[in-house]
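Within every chain, numbering begins at 1; the chains are lettered A, B, ... in the order of the sequence lines, protein sequences first and strands thereafter. Atoms considered below: every heavy atom in the structure, side chains included; atoms not considered: hydrogens, waters and symmetry mates.
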Protein chains: 2
Amino acid sequence: MARAVRIKDIAEALGLSTATVSRAISTPGRVAEPTRSLVQAKAAEMNYRPNVQARSLRTQKSMSIIMAVRDIGNPFYLEVFKGAEAAAHDANYTVLMGNTENNPSREAEYFEMLRDGNADGMILMTGSIPDGWKGPNGSVVVALEMIEDGGFSQVVIDNAAAAQKAVDHLVAQGHRRIAHIAGPEGEGMSARRKAGFVAAMAAHGLTLPPGYLQPGDFGVDSGREATRALLALDTPPTAIFAANDEMAFGVLHEAQHQGLRIPDDLSVIGMDDIHLSRAVFPPLTTISQPRQDIGRHAMEMLLSQLGGTDDPQETLLPTTLIERATVARPRNEGTQP
Amino acid sequence: MARAVRIKDIAEALGLSTATVSRAISTPGRVAEPTRSLVQAKAAEMNYRPNVQARSLRTQKSMSIIMAVRDIGNPFYLEVFKGAEAAAHDANYTVLMGNTENNPSREAEYFEMLRDGNADGMILMTGSIPDGWKGPNGSVVVALEMIEDGGFSQVVIDNAAAAQKAVDHLVAQGHRRIAHIAGPEGEGMSARRKAGFVAAMAAHGLTLPPGYLQPGDFGVDSGREATRALLALDTPPTAIFAANDEMAFGVLHEAQHQGLRIPDDLSVIGMDDIHLSRAVFPPLTTISQPRQDIGRHAMEMLLSQLGGTDDPQETLLPTTLIERATVARPRNEGTQP
DNA sequence: TTGTAAGCGTTATCAT
DNA sequence: ATGATAACGCTTACAA
């Protein structure tokens, strides 16, 4: 393994001091013209790559941002990551993903990294902060899952408006008996989607019979179970809005298993527009979130806070309804339950 | 932000030298008993966390491993990552995922990190190495996608045997007209699955009519197109083995779109057992790869090579057939094409 | 504008 | 067994 080239090597090759070389590379403004381009040319020629460890040891800045997520195995976060990384890259920051797996001690670990200077900032997508955290909130931006009263900047999507879009679309097709399968109890995101659904139904003057609000946990199986319950009702719904796509897959599965035809016998709308939503049969009508935008916005906010000291801001990102093949007019339209 | 605790702080609090404290922490064997536990207790009490940047600057070891993949957005790699990380964690190594997006220059970047000492080793899953790489091959382990003649250690799954399992299963159900949708041309993995399929068919004495070997690119759409072609044949197959699950979804989609019932009119087997294979309708029969094992094995191999200088080894990991609901006996069994 | 030299936190060498 | 000290590669007062 050829030894990595250092500033010292360039300096010697050019008969300059390491200080000048360092300046020519990291603060080109502070060095005279002929020297500057000379150094930069030589550095490129020798294939010089700064030693980030040494640099951050000296500057006391790690130039890295932690993105803490619940489950690194969820492709959704990867899209957010891509957006965040693109924004960070331009500012020479590195993004590393931290996996908390809903484990408070792992979460605390990442906050420690922040405090110890192993990371300069954090994009928090876990929906919770360690007890007693009272660091400089400017180094944290909360995304996706809101945290109330923390004084953090936040980037979230408009969950209530998204639910409303789903209901509006269904109602426009003539549906009046619409049910909802909610996400995990106690999560703000699920609560907002549910509340948005309830509000939208009320706005259309539609009633919500008992059992039309099913609990779920964002997993396929819970979508299946909820559907079983829904279809066993005396007057089952003609349409179901699931709080995420995986539960919507459960709906498709169970309905087809019971011999119903989608969308003729039952309309379905999901939420998230995950990769496979267009691959299932029939292709799922769903609501898409601007995943990369979430990451990009959060990173831009964080970077700007890291510079000056902006006041905490809140960004609400819009969603889009993707019409595919799981929504049709109901068979017996207009029948109020 | 409270300043991070350094070795110096512990040393002062205890009236010892920084050297002793350092030793008590990183090489406890080299320090006498009363001192050792004293230091360790104090370090814990003061919540000391070593500065990894300083440490690796001094030791010239980064204690980090790059895992280079084609597409960081693919959940498959995340499972491999989890396995690798678990193994690395025990040895105090950090794993970071490098995204090449099939871009040779990004790939070369990660090899540079290796050469410059920004990483101590690499698990390579992209199936290619930069031209002219001739570093110490002991710091690289190839996983998943083989590289011929590189002198690298490899961890791969037995793709040919997997294809054979699929064919055996189908034949046991009475199928004789079996088609295959292959992965991208020129990729070793696809080639092996295809070769395994062809060999298994021959072993059962089954012929392969023209058109029964369809090209694909691992995407849903290519599975759809191949199915269209297959079903338009004079004697269409009674079963299809797709080289991955996404293409199998395309098969399900297109077949159902044409009014066929799965598995009664057509049997389907996929490969990979991705998360949603059990969520589609009908649940997909497929072949599962030991994802986490691949990562764990590769990391263990790498770590042991980083220590001594083992000769390059090869590990072949077995796969498992997961029976779900897309395979049944053919309607008109026994009809040779 | 450029050079000299100190220092970031840690470990390794050499004394004691 | 422990301590003093240099060194890792880089940036930044301060001096020239």
Exercise for the section: Under the side chain to side chain donor-acceptor pair (under 3.5 Å) rule, what do A:Asn51 and A:Gln53 come out as? Steps first, then yes or no, please. Expected result: CA-CA 5 Å; A:Asn51 180 321; A:Gln53 334 238 37; 5.0 Å; no

Practice task
Would you indicate what A:Ser56 reaches in the nucleic acid, counting non-hydrogen atoms under 4.0 angstrom: base, sugar-phosphate, or nothing?
Solution key: nothing

Practice task
Output all residues satisfying side-chain hydrogen bond (donor to acceptor under 3.5 Å, both in side chains) with A:Tyr48, sequence neighbours left out; order by chain, then residue number.
Solution key: none

Practice task
For DNA chain D, note the earliest and the latest nucleotide, 5' to 3', having some atom under 4.0 Å of a heavy atom belonging to chain B.
Solution key: D:dA1 to D:dG9

Handout entry: All salt bridge (Lys or Arg N to Asp or Glu O under 4.0 Å) counterparts of A:Lys61, not counting sequence neighbours
Key = A:Asp120

Problem - side-chain N/O A:Gln53 vs C:dG9 OP1/OP2, d < 4.0 Å - result: no

Problem - Exam field: side chain A:Thr20 to backbone A:Leu16, donor-acceptor pair closer than 3.5 Å - result: no

Fill in the blank from the handout: So salt bridge (charged side-chain N to carboxylate O under 4.0 Å, His left out) across residues 103-112 of chain B, not counting sequence neighbours, yields A:Arg49-B:Glu112

Practice task
Between A:Thr20 and B:Arg30, just flag the one whose closest nucleotide in DNA chain D comes earlier from the 5' side.
Solution key: B:Arg30

Pairs of donor and acceptor atoms involving the side chains of residues 79-92 of chain B, under 3.5 Å and at least two apart or interchain, shall be tabulated with distances.
unit_1: B:Glu79; atom_1: OE1; unit_2: B:Gln292; atom_2: NE2; d: 3.2

Practice task
Classify every nucleotide of nucleotides 10-16 of chain C by which part a protein heavy atom approaches to under 4.0 Å, writing B for the base, S for the sugar-phosphate alone and - for neither, in 5'-to-3' order.
Solution key: BBBB---

Exercise for the section: Spell out, as yes or no, whether a donor-acceptor pair under 3.5 Å connects the side chain of B:Ser139 to the backbone of B:Gly121. Expected result: no

Handout entry: A:Ser62 backbone acceptor or donor facing A:Ser56 side chain under 3.5 Å
Key = no

